[in-house]
Protein chains: 2
Amino acid sequence: MAEFKPPQNNLLHIEVINAIINAIVSGELKPGDHIVEQHIAQQMQISRAPVREAIRELAAQDIIRLIPRKGAFVAPLDPKNIEGIYLLRSYLEGLAARLAVLRLTEADLNELYLLNYQMGEAALKNNVNTFIDLDLRFHDFICQHCAHPQLKKMIDGVQLQTKLFMNMSKWHLAAHSELHREMNAHQPLLEALRARNQDEAEMRMREHIIMAGNLLLEYLVNKKSITNREQNGDHVGV
Amino acid sequence: MAEFKPPQNNLLHIEVINAIINAIVSGELKPGDHIVEQHIAQQMQISRAPVREAIRELAAQDIIRLIPRKGAFVAPLDPKNIEGIYLLRSYLEGLAARLAVLRLTEADLNELYLLNYQMGEAALKNNVNTFIDLDLRFHDFICQHCAHPQLKKMIDGVQLQTKLFMNMSKWHLAAHSELHREMNAHQPLLEALRARNQDEAEMRMREHIIMAGNLLLEYLVNKKSITNREQNGDHVGV
DNA sequence: CCTTTGTTCATTGTCGACAATCTACTTATT
DNA sequence: AATAAGTAGATTGTCGACAATGAACAAAGG
């Protein structure tokens, strides 16, 4: 029997969501930019209704800031905020790890170990995109096994933001030189999971995320001071 | 000069949100009920557009479950879920308390002590509604001072859910006999805040919320077993 | 009797149009 | 020249209508 796949999303607003996210990731839409419903609607040759829904949904995830009767704006990206986001993420994913300890089977653990191994390979090959993708799958895998849909949803939202941060700041371009620092970042967490130690798993997950946040932050501050130097010839001390 | 307040929410969808929440709180809409856009639109004599937006926003907060092309349904209310919600809330508000420690002024602390005192009074008078209202203001006050808008937003969403839980389960009707158990629930937290001890504040906030969750859960399980007994004459053991 | 195929109706998804509001600019007034 | 009032264009908020989908029920065929 031939394969009859169900038609993928015929829901317009979901395609709009993806389109907007892509536009932000690709830098086409920059933080602070005004998102005009009709412009998107015309470009995608659809009406404003699904565009509106997409914007509202992204606003619920804080990707977009909504101001009544003025419009939608791409959320600003400031380091102060990033620190808070990563702190939040560390708490949420820490809790997810704690809950996942109760549910991960041996097969699940093996899968995680495999992902971790592949990350090591990608790091050695300096393959940043593969590394980031594997890292995301690693975290997702744990969060999916926490059996807490609402927590999962929150984490997805925060993760999307961090993904945007990384892309907007073109972090991945500079990550080559940082990969070695992240290479074995999951090891302590994995051991805690295997030992079925909830406290330890939560703690390690938190540490790991805070560390990743600091790495990004460090890069951002660096870049900014370099940019400033370039712009006004001023030397900014470390 | 007379007060000329700006007209309150001109935005229809906000009024719809409140209307739906009220309907759920009052029991008019029960968990699992199908929310039909046109019905609400006709009853409120507006078009479907703002109703749609309201539903989408409530869905983002997990008050409502959305199924594509089938519609919106009031989120089901099961004890298993409640436990998870309170766990989540304990983590989020715990973090908020930790952050608030850094920002609460002496005046703020006095305000919190006042609220706590008033709660004691309300408890002694067995005034449940006042007690619940004060409790909410107490928690809100702390969360507002965590200087983390996104965390605050998440907490608001989860708090709304717990509020709905309490109302849907008619918990407040039975709370009279439980008030004394909650009366001094904030004391340890207050002391930690005054001592500017972040770890302690987070811990005490968590404990307090988990305890409140258990109280509600205990009541729900009790009620359910009573209901079961009434329905089928079966005796459910503890 | 059970399964499959139509049919009808209720509801959601999408659309184009209009009204209300905001911004930027122009004009008038002191 | 500076401030206030007015105007025009763009954008959001709201509306009513239609198309697409899904659910319940009836009819047909085995």
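Throughout, protein chains are lettered first and strands after them, A, B, ... in sequence-line order, and every chain is numbered starting at 1. Below, each value reflects all heavy atoms present in this structure, side chains not excepted, and no hydrogens, waters or symmetry copies. Here the structure is a predicted model, which means the values were calculated and not measured.
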Check your understanding: What residues form a side chain to side chain contact (heavy atoms under 4.5 Å, CB included) with B:H34, not counting sequence neighbours?
Key ->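 By the side chain to side chain contact (heavy atoms under 4.5 Å, CB included) rule, B:H34 matches B:V36, B:F73.
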
Check your understanding: What residues form a side chain to side chain contact (heavy atoms under 4.5 Å, CB included) with A:E37, not counting sequence neighbours?
Key -> A:R48, A:V51, A:R52, A:I55, A:R56

Review point. By a strict heavy-atom criterion of less than 4.0 Å, which residues belonging to residues 27-43 of chain B are in contact with DNA chain C?
Key: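 Close to the strand are B:H34, B:I35, B:V36, B:E37, B:H39.
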
Practice item. Identify, residue by residue, the members of residues 46-68 of chain A with a heavy atom below 4.0 Å from DNA chain C, and return them in order of residue number, or none. Key: A:I46, A:S47, A:R48, A:A49, A:P50

Pairs touching [range] that satisfy ring pair (Phe, Tyr, Trp, His ring centres under 6.0 Å), sequence neighbours left out:
range: residues 37-64 of chain A; answer: none
range: residues 87-109 of chain A; answer: none
range: residues 136-158 of chain B; answer: B:F138-B:H186, B:H139-B:H186, B:H139-B:H208, B:F141-B:H145

Show me the side-chain donor-acceptor pairs of residues 58-70 of chain B shorter than 3.5 Å, one per line, residues at least two apart or across chains.
unit_1	atom_1	unit_2	atom_2	d
B:D62	OD1	A:K153	NZ	3.1

Listed by chain and number, what are the side-chain hydrogen bond (donor to acceptor under 3.5 Å, both in side chains) partners of [X], not counting sequence neighbours?
X: B:Q43; value: none
X: B:D156; value: B:K152
X: A:T130; value: A:N127

Review point. Would you say a side-chain N or O of B:K70 is under 4.0 Å from OP1 or OP2 of D:dT21?
Key: no

Study note, to complete from the structure: In whole angstroms, the gap separating C1' of D:dT21 from CG of A:L11 amounts to 11 Å

Point to revise | Worked check of side-chain contact (heavy atoms from CB on, under 4.5 Å) between A:I40 and A:M44 | key: CA-CA 6 Å; A:I40 295 180; A:M44 298 186 72; 3.8 Å; yes

Point to revise | Heavy-atom contact window of chain A on DNA chain C, given 5' to 3' at under 4.0 Å | key: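 On DNA chain C, the outermost contacted nucleotides are C:dT14 to C:dT23.
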
